[in-house]
2 protein chains.
Amino acid sequence: MLSKRAKYAIKTILFLHENQRHTPISAKVISEAEKIPYKFLENILRDLKSHQIVKSLRGAEGGYSLAKEPSQISVSQIMRAIDGPIALIPCVSEKFYEPCLECTDEETCRIRKLFGILRNEMVSILDKSITDLASL
Amino acid sequence: MLSKRAKYAIKTILFLHENQRHTPISAKVISEAEKIPYKFLENILRDLKSHQIVKSLRGAEGGYSLAKEPSQISVSQIMRAIDGPIALIPCVSEKFYEPCLECTDEETCRIRKLFGILRNEMVSILDKSITDLASL
DNA sequence: TAATTACCCTATCAATTTTATAGGGTAATA
DNA sequence: TATTACCCTATAAAATTGATAGGGTAATTA
């Protein structure tokens with residue numbers, strides 16, 4: 001299941017996308033509009049910023065804005081930044097690969113192929129950009 | 001991520017499948033062969049049985065066996081029996097539908113469609129039976 | 001029918017993850 | 001220089017996950 005953090009993150013990005021202006025949008029505004037606890041949101045924004053999905057500007061009239069073209073921001077990027085791997089088992093993850101502890105041999109693992117296929121299919125869907133969401 | 005319980009469950013089913021005999025296989029044998037803590041396995045087997053994926057026979061020489069044809073047992077069935085929904089958000093789950101608490105209107109929800117498509121695609125892959133696994 | 005083997009049920013628990021809160025510090029702008 | 005907003009660390013309640021414990025019940029074999 002998607003974590004609440006990831007859901008909040010996606011909502012935040014969509015909010016920034018739908019309310020793009022010349023000036024950035026403050027965390028407080030996002031927090032109230034999307035009903036995300038303020039301090040929790042700050043923490044999420046920090047992750048989104050460190051992954052170059054949003055950028056920030058300090059000071060009065062400061063706030064957050066998207067760090068790149070909306071068409072270049074995918075749902076998978078957001079999910080990875082917040083929750084980590086898309087894959088359901090670590091040994092088929094591309095960006096967060098880890099061997100399965102209890103698995104002695106990946107070649108002969110009976111479930112690895114299926115979950116590899118699953119991962120690829122999930123990624124191909126989640127790679128859609130946030131501008132694509134409207135036209136599904 | 002797949003829970004350890006679900007991984008154990010899949011391994012259990014595959015073990016039963018690969019070691020089909022006329023007599024059932026005891027939990028103890030499965031536990032040792034697949035390195036699953038005995039009492040933990042008992043608990044998993046209970047769920048698998050209540051979902052009619054395995055059946056059991058009591059007494060000396062008793063144990064577990066598959067409750068139906070291997071070709072009729074899918075990975076998705078096992079996952080649902082153990083972990084619940086396949087979908088990443090509850091409002092697009094078919095077997096475990098629940099409204100998203102923070103979502104006021106499913107029709108206008110900006111992420112619902114994408115995760116609905118994702119769910120369908122995941123299910124279509126996970127619906128493969130345990131006999132299909134070998135030929136991927 | 002007694003001993004054995006294996007399934008069944010409930011309770012408990014430690015570890016981890018998730019969700020959230022608190023408080024103060026730093027940088028930039030009006 | 002006051003204000004606004006971002007930055008950082010610590011803490012903690014709640015939920016989930018993974019596992020253990022112990023005894024009870026049913027069925028088979030000798």
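So that the names make sense, note that chain A is the first sequence line, chain B the second, and so on, each numbered from 1. Nothing here was measured: the structure is a model prediction, and the numbers come from that model.
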Compare side-chain N and O positions of [X] against OP1 and OP2 of [N] and report whether any pair is under 4.0 Å apart.
X: B:Ser56; N: C:dC8; answer: yes
X: B:Tyr8; N: D:dA19; answer: yes
X: B:Arg46; N: C:dC9; answer: yes
X: A:Lys4; N: C:dA20; answer: yes

Are more than 12 heavy atoms from other residues, nucleotides or ligands located less than 6.0 Å from atom NZ of B:Lys35?
no
Write down the distance between [atom1] ([X]) and [atom2] ([N]), rounded to a whole number of angstrom.
X: A:Ile82; N: C:dA20; atom1: CD1; atom2: P; answer: 14 Å
X: A:Leu57; N: D:dC7; atom1: CG; atom2: C1'; answer: 15 Å
X: A:Arg58; N: C:dA28; atom1: CZ; atom2: P; answer: 6 Å
X: B:Leu2; N: D:dG18; atom1: CG; atom2: C1'; answer: 14 Å
X: A:Leu41; N: D:dC7; atom1: CG; atom2: P; answer: 12 Å
X: A:Met1; N: C:dT17; atom1: CE; atom2: C1'; answer: 16 Å
X: B:Leu48; N: C:dC8; atom1: CG; atom2: C1'; answer: 15 Å
X: A:Glu61; N: D:dA5; atom1: CD; atom2: P; answer: 8 Å

Hey, which of these two, B:Gly62 or A:Glu42, hits DNA chain C nearer its 5' end, going by closest nucleotide?
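Taking each residue's closest nucleotide, the earlier one in sequence belongs to B:Gly62.
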Starting at the 5' end of DNA chain C and moving along, which residue's nearest nucleotide shows up first, B:Asn43 or B:Ile25?
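Its nucleotide being nearer the 5' end, the pick is B:Ile25.
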Using a heavy-atom cut-off of 4.0 Å across all strands, would you classify [X] as base, sugar-phosphate, or nothing?
X: A:Leu45; result: nothing
X: A:Lys28; result: nothing
X: B:Arg5; result: sugar-phosphate

Side-chain heavy atoms of B:Ile30 within contact of B:Tyr8, under 4.5 Å:
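The answer is no, as the side chains (C-beta and beyond) never meet within the 4.5 Å cut-off.
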Has the side chain of B:Lys39 got a donor or acceptor atom sitting under 3.5 Å from an opposite partner on the base of D:dG18?
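Absent.
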Under the 3.5 angstrom rule, does the side chain of A:His51 hit a backbone N or O of A:Asp47 as a donor-acceptor pair?
yes
Are the side chain of B:Ser65 and the backbone N or O of B:Pro24 linked by a donor-acceptor pair below 3.5 Å?
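No, B:Ser65 side chain to B:Pro24 backbone: no donor-acceptor pair under 3.5 Å.
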With a 4.0 Å cut-off, would you call B:Glu61 and B:Arg21 a salt bridge?
no
Ion pair present between A:Lys28 and A:Glu34, side-chain N to carboxylate O less than 4.0 angstrom?
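Here A:Lys28 does not pair with A:Glu34 in a salt bridge, since their nearest N and O are not under 4.0 Å apart.
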Ignoring the backbone of [X], work out which of [options] is nearest its side chain.
X: A:Ser26; options: D:dA5, D:dT4, C:dC7; value: D:dA5
X: A:Phe40; options: D:dT20, C:dT21, C:dC7; value: C:dT21
X: A:Tyr64; options: D:dC7, D:dT20, C:dA30; value: D:dC7
X: A:Pro37; options: C:dT5, C:dA20, D:dC6; value: C:dA20

Angle by which the axis turns from one end of the helix from C:dT1-D:dA30 to C:dA30-D:dT1 to the other, five pairs per end, to 10 degrees
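The helix from C:dT1-D:dA30 to C:dA30-D:dT1 shows an end-to-end axis angle of 10°.
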Answer with yes or no whether the hydrophobic clustering places B:Ile125 together with B:Leu136; edges join I, L, V, M, F, W, Y residues whose side-chain heavy atoms lie under 4.5 Å apart.
yes
Rounded to the nearest 0.5 Å, how far apart are CG of B:Leu88 and CZ of B:Phe115?
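So the CG of B:Leu88 and the CZ of B:Phe115 are separated by 6.0 Å.
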